[in-house]
Q: 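Pasting a structure below so you can have a look.
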Amino acid sequence: MSDGRGMNPDGTIRREGSLSRVPAAFAPVVAAARARIAAAFDGARLHSAYIYGSIPRGTAVPGVSDLDLLLALRAGPTEADETAARAVEAGLDASFGQIDGVGILLFGTDTLTSELERNDLGFFLACLCTPLLGEDLAVRLPRYRPTPLLARETNGDLHLSLPRWRRRAAEATTECERRNLSRGAARRIVRSGFTLVMPQWGGWTSDLVESAEVFARYYPDHPERIEQMRVAARTGRTPSADPSVLAMLIDDLAPWLAAEYLAVHGEKAPRPWPPLL
């Protein structure tokens, strides 16, 4: 059993997804993903595979939702691994109209279970990813609680994404490019807004609308930011190519949020690679 805030009775964060929650329309997609990953990565390379996002949460919408996968490799990813993953992405995306895009993350098991990543990638795998193939690495990781440390290590690097977002916005020439950027940036912003107040709320959610409303509860004196966060939540679900929406997200809301995050939780421990988004 769990409470309405994504928590187990012992106060730890419940793993949010399950293959039993996959909507019927997406069952063939998940089955194909499992088969194609197994065909592309043999047991000498692949330790385990996971699915995350709206599909295992049971909230995916056919024709709108994307397919998100994480592969844990026995050693760090090589160029050949990246090539194989991109081929699987393209093949799945072309084969199924139910999904709007496929993304595969590649990490070595040593990275996923490292002390440095204990409260970021480790938490992500243990609580937000659903096992699809192989041994579940979550057994090597702790049970997680909604602490300031978890807040700092998950999103205390939002400020590092801002220059790259601005560069992508300036270089975008198509509506598709602007929509893709708006979706990714909006999702990251809303999740950062949520984890900013997560320790006070005392729970976990990946739902964008709920995340925005949890943020609003703790920033009642910032009505403009609340409305912007709600716009971000809508944009994360229905991407916008409107340059004014993108400008609001990247040039107004995100810088304010990044500064607030650093003031409240501090900066995430440095990594030898840039943020994923």
Side-chain angles (χ1 to χ4, degrees), residues 2-17 52 57 70 105 107 111-129 137-138 140-162 165 184-223 225-226 228-230 232-233 236 249 253-277:
S2 61
D3 67 14
R5 296 189 178 188
M7 303 294 288
N8 294 309
D10 65 356
T12 58
I13 297 172
R14 171 175 51 90
R15 195 173 217 168
E16 64 178 13
Y52 65 96
R57 291 200 303 268
L70 181 148
L105 301 177
F107 291 101
T111 296
L112 291 166
T113 58
S114 67
E115 186 64 31
L116 180 63
E117 292 297 339
R118 182 63 48 86
N119 289 289
D120 188 12
L121 287 176
F123 163 73
F124 176 69
L125 185 145
C127 293
L128 308 187
C129 291
L137 278 175
R140 304 188 197 177
L141 296 164
R143 305 294 292 275
Y144 292 89
R145 299 175 185 273
T147 63
L149 173 62
L150 188 64
R152 187 190 76 205
E153 290 302 302
T154 50
N155 288 299
D157 60 348
L158 177 62
H159 60 291
L160 299 180
S161 293
L162 302 185
W165 287 350
R187 290 180 179 183
R188 176 73 194 278
I189 288 167
V190 175
R191 287 164 182 160
S192 296
F194 166 71
T195 53
L196 173 66
V197 301
M198 171 189 64
Q200 295 167 270
W201 190 58
W204 180 268
T205 180
S206 288
D207 182 271
L208 295 177
V209 172
E210 184 178 22
S211 294
E213 295 310 314
V214 172
F215 167 84
R217 184 180 306 182
Y218 295 94
Y219 279 84
D221 297 333
H222 293 73
R225 299 304 181 191
I226 291 173
Q228 288 178 329
M229 196 66 73
R230 287 170 174 160
L249 293 172
L253 179 56
W256 173 84
L257 181 60
E260 184 72 4
Y261 214 101
L262 291 175
V264 174
H265 294 301
E267 187 171 1
K268 179 177 181 175
R271 265 55 169 182
W273 50 78
L276 294 177
L277 286 174

Q: Under a plain distance cut-off of 3.5 Å, with no hydrogens placed, do D10 and T12 share a side-chain donor-acceptor pair?
A: yes
Q: For the residue pair F215 and Y219, categorise the inter-ring angle as parallel (less than 30°), tilted (30 to 60°) or perpendicular (more than 60°).
A: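 Geometry flag for Y219 against F215: parallel rings.
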Q: Mind checking the CG-CG spacing from D157 to L262? Nearest 0.5 Å is all I need.
A: 9.5 Å
Q: May I ask you to test the V214-Y218 pair for a side-chain heavy-atom distance under 4.5 Å?
A: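 Yes, close enough: below the 4.5 Å cut-off.
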Q: Closest approach of M198 and G203, non-hydrogen atoms and distance?
A: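 What the structure gives for the nearest pair is CG-O, 3.3 Å.
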Q: Is there side-chain contact between W256 and H222, with at least one heavy-atom pair below 4.5 Å?
A: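 Contact flag for W256/H222 side chains = yes.
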Q: On a heavy-atom basis, which atom in P148 and which in P199 lie closest, and how many Å separate them?
A: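 Looks like N-CG, 3.8 Å.
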Q: If you round to the nearest 0.5 Å, how far is CG of L162 from NE2 of H159?
A: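 Going from NE2 on H159 over to CG on L162, the span is 8.5 Å.
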Q: Any non-hydrogen side-chain atom of L125 less than 4.5 Å from a side-chain atom of R15?
A: yes
Q: Looking only at heavy atoms, which two atoms of L141 and T113 are closest? And how far apart?
A: CD2-CA, 4.1 Å
Q: With a 4.5 Å limit on heavy-atom distance, are the side chains of I13 and L150 in contact?
A: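 The answer is yes; the side chains approach within 4.5 Å.
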Q: Would you compute the distance between atom OH of Y52 and atom CZ of R57 and round it to the nearest 0.5 angstrom?
A: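 Rounded to the nearest 0.5 Å, the OH-CZ separation comes out at 10.5 Å.
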Q: Output, in order, the C-alpha distance, side-chain angles, deciding distance and verdict of salt bridge (charged side-chain N to carboxylate O under 4.0 Å, His left out) for E153 and R271.
A: CA-CA 11 Å; E153 290 302 302; R271 265 55 169 182; 2.9 Å; yes
Q: Find the distance between CG (L196) and OG (S211) and round it off to the nearest 0.5 Å.
A: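 L196 atom CG to S211 atom OG measures 12.0 Å (nearest 0.5 Å).
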Q: Identify which one of K268, R191, R188 satisfies the side-chain hydrogen bond (donor to acceptor under 3.5 Å, both in side chains) criterion when paired with N155.
A: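 Of the listed options, the one satisfying the test is R188.
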Q: Looking at T195 and H265, what are the two nearest heavy atoms and their distance?
A: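 Smallest heavy-atom distance, with atoms named: O-NE2, 3.8 Å.
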Q: For residues L128 and W204, report the shortest heavy-atom separation together with the two atoms involved.
A: CD2-NE1, 3.3 Å
Q: Would you check if Q200 and R217 make a side-chain contact, meaning some heavy-atom pair closer than 4.5 Å?
A: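 Q200 vs R217: side chains apart.
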Q: Got a second to check how far L137's CG is from L112's CG, nearest 0.5 Å?
A: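 Going from CG on L137 over to CG on L112, the span is 6.5 Å.
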Q: Report yes if the side chains of E16 and T205 come closer than 4.5 Å at any heavy-atom pair, otherwise no.
A: no
Q: Do you know the tightest heavy-atom contact between M7 and G202?
A: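 Minimum heavy-atom separation between M7 and G202: CG-O, 3.8 Å.
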Q: Drop me the distance from L249's CG to M229's CE, to the nearest 0.5 angstrom.
A: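 L249 atom CG to M229 atom CE measures 10.0 Å (nearest 0.5 Å).
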